Amino acid sequence: MRGKEIAMTSKLHLGQLIRFRANPFHEGDEAAEHVTSGAILVVDGKIGDIGGADALRKRHPEAKVEDHGNGLILPGFVDAHAHYPQTAMIASWGKRLIDWLNTYTFPEESRFSDPSYAQKIAGRYLDLLLAHGTTTVCTYCTIHPASVDAIFEAAAVRGMRVFAGKTCMDRNAPDTLRDNAQSAYDDSKALLDRWHGRGRASYVITPRFSPTSTPEQLAALGTLWAEHPDCLMQTHLSEQTEEIAWVKGLYPEARDYLDTYEEHGLLGAGGLYGHAIHLEPRERDRLREVGAALVHCPTSNTFIGSGLFDMDGLMADGHRIGLATDTGGGSSFSMLRTMAAAYEVAQLRGRALHPAELLWLATEGSARALRQDSIGRLEPGAEADFVVLDLASTPAIAQRSAVAETVWEALFPTIMMGDDRAIRETYVMGKPSKP
Ligand code: GUN
Ligand code: ZN
């Protein structure tokens, strides 16, 4: 019996390529390979082969060819920390973290009690991501379970790999945005059972941060995490000095901010700790010992006035670090703009990040923070989530890249000045998906 034969669709995408053999923070720009006339073969949504265009044409004569000219093929960007419910209030003026949450964020998040509003914003948000070349995000939702359904449903329609979780808060938030320890556990568990591992969805256990959870709620979510150790857990850590002082008052027994999580079962290798700017030596040591991921959110850190993340020191110490927009505390949906801000923040600490380092952070670094090796890389077997960049997308960028002598010099103006206009196309599992 012949059985059912599934037609294999294969396509060769031609263009320039950059791929990484190692982490450029550890191995320098030698860790990256630039192929001027390169190709990737996409077979049924995955990368089947990669290399020089001539060689791949010979190896795969049956494949259809799409020639992107001098477009630069890169992995789709991976945004390791965002708040999709804050889409409509991005760029809200004039507040630092705690006032910003109370003035802008909580009123907007309250609107997600209406599932149809959640659906509208979820679709809008994912389309904005695809327009900016981001193919995977790890996002907070609101306390409303329907806000989680909305983002995973919108992601499934677009075929996107998305990480998300119900934000849990049982104190220091308006009545309309509070759950309790038991309902946070129950709702999170029900959502996890419904979504985790369904298609490309991954559920993330999500206590917002220690000030908006009682110790009982943190403990309940720590218990849930222990029951589902394959899930990631996301939260915020040491973003602003006022916040850290507040945590000290709320948890007088804790050794430091991280200890409020550690004490309740919320410190581990699958933990994603957003911001992590003002860390004590003990916190740095513990985060590294357990192999937790830190997520750098540079446009947010400058926009809300939080501080300067120690990228160089933390990388040198061996921390796992991802890069993220943190929209709407972050002021952009673009991972290009986010790389630019990471460059500027590091400059203010006396270190110029190389474009290879910035690019690695926005792709493989963030994917590793999410414990993924199937995205963020152009390698055979990886999922075919990729972008084609135009390195001359505006007159200002074009005139600079025109006189570049290396690929890094050609790419850097797009990193510093680029936006959604630099994204020629975004592919999700090999499918053109730029809205
Ligand atoms: N800390 C707790 N919640 C938030 C949030 O929504 N955005 C940022 N930037 N920090 C937070
Ligand atoms: Zn955040």
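For ligands, and for the atoms within them, numbers begin at 1 and follow the listed sequence. Computed from a predicted structure; not experimentally measured. Numbering of residues begins at 1 and proceeds along the displayed sequence.
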> Does the pair D385/R200 count as a salt bridge with the N-to-O cut at 4.0 Å?
Replying inline: yes

> Do any protein N, O or S atoms sit under 2.8 Å from the Zn ion (ligand 2), and which ones are they?
Replying inline: H81 NE2, H83 NE2, H236 NE2, D326 OD1

>> Is the distance between the ring centroids of Y427 and H13 under 6.0 Å?
In response: yes

> Going by the ring pair (Phe, Tyr, Trp, His ring centres under 6.0 Å) test, which pairs reach into residues 115-137, not counting sequence neighbours?
Replying inline: F112-Y117

Please tabulate, line by line, the atom pairs linking an N/O of ligand 1 to a protein N/O at a distance below 3.5 Å, with the distance in Å to 0.1, or answer 'none'.
unit_1, atom_1, unit_2, atom_2, d
ligand 1, 3 (N), R208, NE, 2.8
ligand 1, 6 (O), Q86, NE2, 2.9
ligand 1, 6 (O), R208, NH2, 2.8
ligand 1, 9 (N), E239, OE2, 2.9
ligand 1, 9 (N), D326, OD2, 2.7
ligand 1, 10 (N), E239, OE1, 2.7
ligand 1, 10 (N), E239, OE2, 3.4

> Yes or no on salt bridge (Lys or Arg N to Asp or Glu O under 4.0 Å) for D317 and R284, after CA distance, side-chain angles and deciding distance?
Replying inline: CA-CA 9 Å; D317 287 352; R284 292 171 71 116; 3.3 Å; yes

> Taking all atoms of both residues into account, what is the closest heavy-atom pair of L323 and P298, and its distance?
Replying inline: CD1-CD, 3.8 Å

> Between E425 and K434, is there a side-chain N and carboxylate O pair less than 4.0 Å apart?
Replying inline: no

> Is the distance between the ring centroids of F25 and H354 less than 6.0 Å?
Replying inline: no

>> Check this for me: does any side-chain nitrogen of one of R158 and D127 sit under 4.0 Å from a carboxylate oxygen of the other?
In response: yes

>> Run the salt bridge (Lys or Arg N to Asp or Glu O under 4.0 Å) test against R111 and tell me which residues pass, sequence neighbours left out.
In response: E108

